[in-house]
Amino acid sequence: MAEKITARSQDYNQWYIDVVRDAKLADYSDVRGCMIIRPNGYSIWEKMQQALDMMFKDTGHVNAYFPLFIPESYMKKEADHIEGFAPECAVVTHGGGEELAEKLYVRPTSETIIWSTYAKWIQSYRDLPILINQWANVVRWELRTRLFLRTTEFLWQEGHTAHATEADAIEEVMKMINVYRKFAEEYMALPVIVGRKTESEKFAGALETYCIEAMMQDGKALQSGTSHHLGQNFAKAFECRYQTKEGKLEYVWATSWGVSTRLIGALIMAHSDDKGLVLPPKLAARQVVIVPILKGDKTLVLEKANRLAAMLRAKGVSVFIDDSEQNTPGWKFAEYELQGIPVRVELGPKDIQAGQCIIARRDTSEKMTIALDDQTDEQIHDLLSTIQQNLFDRAKAYRDAKMKPVSTYDELKAQVEEGFAIAHWDGTAETEAKIKEETKATIRCIPTDAAFIEQYRLHDEGKCVYSGKPSRQKVIFAKAY
RNA sequence: CGGGGUGUAGCGCAGCUGGUAGCGCGCUUCGUUCGGGACGAAGAGGCCGUGAGUUCGAAUCUCGCCACCCCGACCA
């Protein structure tokens, strides 16, 4: 039997590691901070890629690929950018046995190489906008790593767009953060708060950073996607100008936006339980497992199992049958629960005799008996939708219960130990830094979603929870990954 | 970079009052099983992280080194 997973209540961090390893999502590599994404983990990423890529294409974007290596001189062109990233960059000094004339940075992100290219591509307003995305790996030499959440090398997508006007750029930034929100909610079943980062939390080189913030089961926040308004910073650094209709030369406006394999970590920490991984059906490569009980008339059982599988496939459900005789049904039940497969069908001689099958839901652990007839596939298909919705509802109810408005500093201190605190902030970096120093909690975002603002009355006047100075806005404080 | 922990069979661990290695799971073969991690029998598998030292003798004691993990400071 596999090593028992540590209970969440006992040690949340160990539980997370246990789930990642026992569900065979990832393994440690021999290089510090790097991870091997195993098939079970990579299939989640592939599902995410498929959905996101479709959403990017639907919003007019195209894919391309830029090099892994970036000349040091490019990196140094934008002051804030290099200052933010230099400490965590891997740098190549040798190639082909020779010391390089110019060092090459392994991309921590691609703004510089992309803008050096855009500068060549863009001459006129007719060349704009450029709406490019790339799927790539990046390297950031982190001091402290965690499987999926923060690894030295990780996979992501980075969109880089160029626009004629600031309004166009801002529209793009908002459009993409909403794509991320939609993806998180509809595919990951993950409720997120859309907001803007404070000065100290924003991307190195950006004017504004927008983000989606999610709550994990331990009440901590996880930044799950970002969309940056880069202004003309990179255009100026790389002399990227275009000629307007009127014949004037103007700097191009830029955005960039990305999500990474960190989302897999978010998925795990939002939905999974002490039995292992719980996957939302839309991101499960295998949505249904049929476990035939192979005793008595095996042929008949397998025939029925195959027929049901075929019906489900015809409905677009991803299903597989584990008919191996190496393991007992009980072993299979436990194993596929550990791997997070949303629905299990148990089918044995007794069921066939009674014209039924047993259905087990991964999200609620509920077992039910349903008739085995020409409606079964439809029922299972519907059940997958129910599970998808239930995971979202459950995560949202959990988050909402752990997110509370606070009006005093003591309340804030207590609340950030539990979850998200919504509090008035005077808008100064000093206050933000003090609170971080004293509580370890940071301002996760300044929410921008109208419905959210309305619901929590974020724009009511008040006094800063720390300084007591007048405040015009409430923001989200939380400890974060 | 600080604090802690761990390196012994594929995995998890025991052995640490020195005498050349064992348990559970997994693996192989055969048989019986199969409705919540089955059972029996027979097997395969280890320069005990690494370097030095102490000793007749080191997985065990001493010192160094290395690696990884966990916890904190920087970060998607």
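What you see is a predicted model, and the numbers here were worked out from it, not measured in a lab. Atoms considered below: every heavy atom in the structure, side chains included; atoms not considered: hydrogens, waters and symmetry mates.
By the side chain to side chain donor-acceptor pair (under 3.5 Å) test, E303(A) pairs with R307(A), sequence neighbours left out. For the salt bridge (charged side-chain N to carboxylate O under 4.0 Å, His left out) test, residues two or more places apart in sequence or in another chain that qualify with E325(A) are K298(A).
The pair D218(A)-R8(A) does not meet the salt-bridge criterion, since no charged nitrogen lies less than 4.0 angstrom from a carboxylate oxygen. A salt bridge between R362(A) and D273(A) is present, with a side-chain N of the basic residue lying under 4.0 Å from a carboxylate O of the acidic one. Between K24(A) and E335(A) a salt bridge is recorded (basic side-chain N to carboxylate O distance below 4.0 Å). At a threshold of 4.0 Å, the pair K434(A)-E430(A) does not count as salt-bridged, since none of the basic side-chain nitrogens sits closer than that to a carboxylate oxygen. A salt bridge between E417(A) and K479(A) is present, with a side-chain N of the basic residue lying under 4.0 Å from a carboxylate O of the acidic one. Ion pairing between E201(A) and R196(A) fails under the 4.0 Å rule for side-chain N and carboxylate O. By the 4.0 Å N-to-carboxylate-O rule, D363(A) lies close enough to R361(A) to be salt-bridged with it.
Taking a pair as Watson-Crick or G-U wobble with both distances under 3.5 Å, RNA chain B forms stems of 3 or more consecutive pairs at B:1-7 with B:66-72, B:10-13 with B:22-25, B:27-32 with B:38-43, B:49-53 with B:61-65.
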Pairs under 3.5 Å (N/O, protein and nucleotides 67-70 of chain B):
residue: rC68(B); atom: OP1; partner: R32(A); partner atom: N; Å: 3.0
residue: rC69(B); atom: O3'; partner: Y28(A); partner atom: OH; Å: 3.4

N/O-N/O pairs, protein side and nucleotides 39-42 of chain B side, under 3.5 Å:
none

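Among residues at least two apart or in separate chains, ring pair (Phe, Tyr, Trp, His ring centres under 6.0 Å) pairs with a member in residues 185-226 of chain A are H81(A)-F203(A), F85(A)-F203(A), F183(A)-Y187(A), F203(A)-H228(A). Listed by first and then second residue, the side-chain hydrogen bond (donor to acceptor under 3.5 Å, both in side chains) pairs that reach into residues 139-149 of chain A are N13(A)-R146(A), sequence neighbours excluded. Within the structure, every pair that satisfies the ring pair (Phe, Tyr, Trp, His ring centres under 6.0 Å) test and touches residues 334-377 of chain A, not counting sequence neighbours, is listed here: F320(A)-Y336(A).
For rA38(B), the OP1/OP2 oxygens have a side-chain nitrogen or oxygen of T328(A) closer than 4.0 Å. Taking only side-chain nitrogens and oxygens, K332(A) never comes nearer than 4.0 Å to OP1 or OP2 of rG35(B).
Rounded to a whole Å, the CD atom of Q339(A) is 18 Å from the P atom of rG37(B). Between the CG atom of D22(A) and the P atom of rG37(B) there is a distance of 18 Å, rounded to whole Å. Straight-line distance from the CD atom of E325(A) to the P atom of rU32(B): 12 Å, rounded to whole Å. Taking atom CD of E346(A) as the reference point, atom P of rG37(B) lies 12 Å away to the nearest angstrom.
Taking for each of W156(A) and A360(A) the nucleotide of RNA chain B with the nearest heavy atom, the 5'-most of the two is the partner of A360(A). Checking L143(A) against K202(A), the closest nucleotide of RNA chain B that is more toward the 5' end is the one next to L143(A).
Proximity of a side-chain donor or acceptor of W425(A) to a complementary backbone N or O of T428(A) within less than 3.5 Å is detected.
Comparing the C1' positions of rG72(B) and rC13(B) gives an interatomic distance of 29 Å, to the nearest angstrom. The separation of rG12(B) from rU6(B), taken at their P atoms, amounts to 14 Å, rounded to a whole angstrom. As rounded to the nearest Å, rG49(B) and rA14(B) have P atoms that lie 14 Å from one another. Comparing the same atom, P, in rC25(B) and in rG40(B) gives a spacing of 9 Å after rounding to whole Å. The P atoms of rC39(B) and rG46(B) are separated by 27 Å, rounded to the nearest whole Å. Remark: the separation of the P atoms in rG24(B) and rA9(B) is 16 Å, to the nearest Å. Across rG10(B) and rC48(B), the matching P atoms stand 13 Å from one another, rounded to whole Å. Between rU20(B) and rG57(B), the two C1' atoms lie 9 Å apart (nearest whole Å).
No hydrogens or angles were tested; on distance alone, nothing pairs the side chain of R21(A) with the base of rG12(B) as donor and acceptor under 3.5 Å. A donor N or O paired with an acceptor N or O is found under 3.5 Å between the base of rG35(B) and the side-chain atoms of D351(A).
With a 6.0 Å radius and a threshold of 12 heavy atoms from other residues, nucleotides or ligands, K175(A) has its NZ atom above the threshold. Shown here is E199(A), whose CD atom has no more than 12 heavy atoms of other residues, nucleotides or ligands within 6.0 Å.
Separating the OG1 atom in T112(A) from the NZ atom in K76(A) is a distance of 12.5 Å, to the nearest 0.5 Å.
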Only distances under 3.5 Å count here; give the side-chain donor-acceptor pairs of residues 287-297 of chain A to other protein atoms, sequence neighbours excluded, each with its distance to 0.1 Å.
residue: Q287(A); atom: OE1; partner: S318(A); partner atom: N; Å: 2.9
residue: Q287(A); atom: NE2; partner: P281(A); partner atom: O; Å: 3.0
residue: D297(A); atom: OD1; partner: T299(A); partner atom: N; Å: 3.3
residue: D297(A); atom: OD1; partner: L300(A); partner atom: N; Å: 3.2

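A cation-pi arrangement is present between R344(A) and F333(A) under the rule of less than 6.0 angstrom and at most 45 degrees off the ring axis.
The aromatic ring of F333(A) does not sit over the base of rG37(B), since the test of centres under 5.5 Å and planes under 30° is not met.
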Nucleic acid footprint by protein, nucleotides 2-8 of chain B - heavy-atom cut-off 4.0 Å, B for base, S for sugar-phosphate alone: -------

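RNA chain B lies under 4.0 Å from at least one heavy atom of each of the following residues of residues 361-368 of chain A: K367(A). Annotation: proximity of residues 280-294 of chain A to RNA chain B (heavy atom, distance under 4.0 Å) is found for I293(A), L294(A), numbered in ascending order.
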